[in-house]
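Only a predicted model underlies this, so the values are computations on that prediction, with no experimental measurement involved. Scope of the values below: all heavy atoms of this structure, side chains included, with no hydrogens, waters or symmetry mates. First listed ligand is number 1; within each ligand, the first listed atom is number 1. The residues of the chain are indexed from 1 along the displayed sequence.
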Amino acid sequence: MYGLNELQTDLDILQSQGAEIFDIGYTLLGRPIPCIFKGSKTGGQTLLHASIHAREWVTTPLVIKMMKNYAGDHGVWCVPMVNIDGVLLVQQGLSSIPEQSLKDFLLNVNGGSADFSLWKANARAVDLNVNFNARWGEGAQNVTYPSPANYIGQYPFSEYENMALRSLTERVKPSVTLSYHAKGNVIYKGFGCVDNGKVCAQRISDSTGYPLLDSFDSAGGYKDWYVATFQKLGLTIEVGDENIPYAQLIDYLPQIYEQNAHVLDIATECAQNLS
Ligand SMILES: [Zn+2]
């Protein structure tokens, strides 16, 4: 298990090693959302995030390890756990939810089951990665009611977590963004007919061994919004073997890290050329 306590310990270590740690906003339940910065604020910037989907929390210790080992000079911003409320719901169940009315709501949305281990959404049962303003609501799997996954929310950017990520992105104006998800060992690039930074995308694909796929029918994701808005290189990286259950992906973290060990070096170099 890797939860909020483990994350806090690692943030303290990163800070003691010279990284900047600051909050970009709050979750629905008022938990501060941390961000890590390393490198130089001049030149092209790289921004990555993880755990926007609750059950994919293995991506948090992955990006933390990537940030700990990043020794380059180029600027990197990392939001290691966007959907903190959702991750804690997956890991701790309803005991992580403070209010009885919200517990009742979430239990109902989850079909009466107290097992939240496959939950993707936040604590309002909105799937954060279909709530961005890019073909919002046009995804084939989108639903328009609260759900453990795929609920688009009442309107684009209705969720605090996404507002925080949007503000950070607009401030940093990164040239490369990496959205870490699980699972499948593939990388999705582009949005609609926008497909910039192809050479860089291919280098990252070659380095990880993950095939590079176009996501023509993607909608409402961070990568979709970023590519459509900034017209730079946005990648969604899906880590972990498709056949491994979500809760067991943490056992494969060493291998997953090895596959992604050079991604930040490549991405930050690409960011200089794309800025
Ligand atoms: Zn995901």
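- Checked against Y222 for a side-chain hydrogen bond (donor to acceptor under 3.5 Å, both in side chains), the options N162, T177, T169 give a single hit: T169.
- No donor-acceptor pair under 3.5 Å is formed between the side chain of D23 and the backbone N or O of G25.
- Under the 6.0 Å cut-off for aromatic ring centres, F157 and W225 qualify, their centroids lying closer than that.
- Of the residues I24, L168, L165, the one that meets the side chain to side chain contact (heavy atoms under 4.5 Å, CB included) test with I33 is I24.
- Protein N/O/S atoms found under 2.8 Å from the Zn ion (ligand 1), listed by chain and residue number: H53 ND1, E56 OE1, E56 OE2, H181 ND1.
- Partners of A54 under the side chain to side chain contact (heavy atoms under 4.5 Å, CB included) rule, at least two apart in sequence or in another chain, are N83, V90, W119.
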Show your reasoning for whether salt bridge (charged side-chain N to carboxylate O under 4.0 Å, His left out) applies to K41 and E20.
-> CA-CA 12 Å; K41 286 175 186 163; E20 280 181 42; 3.0 Å; yes

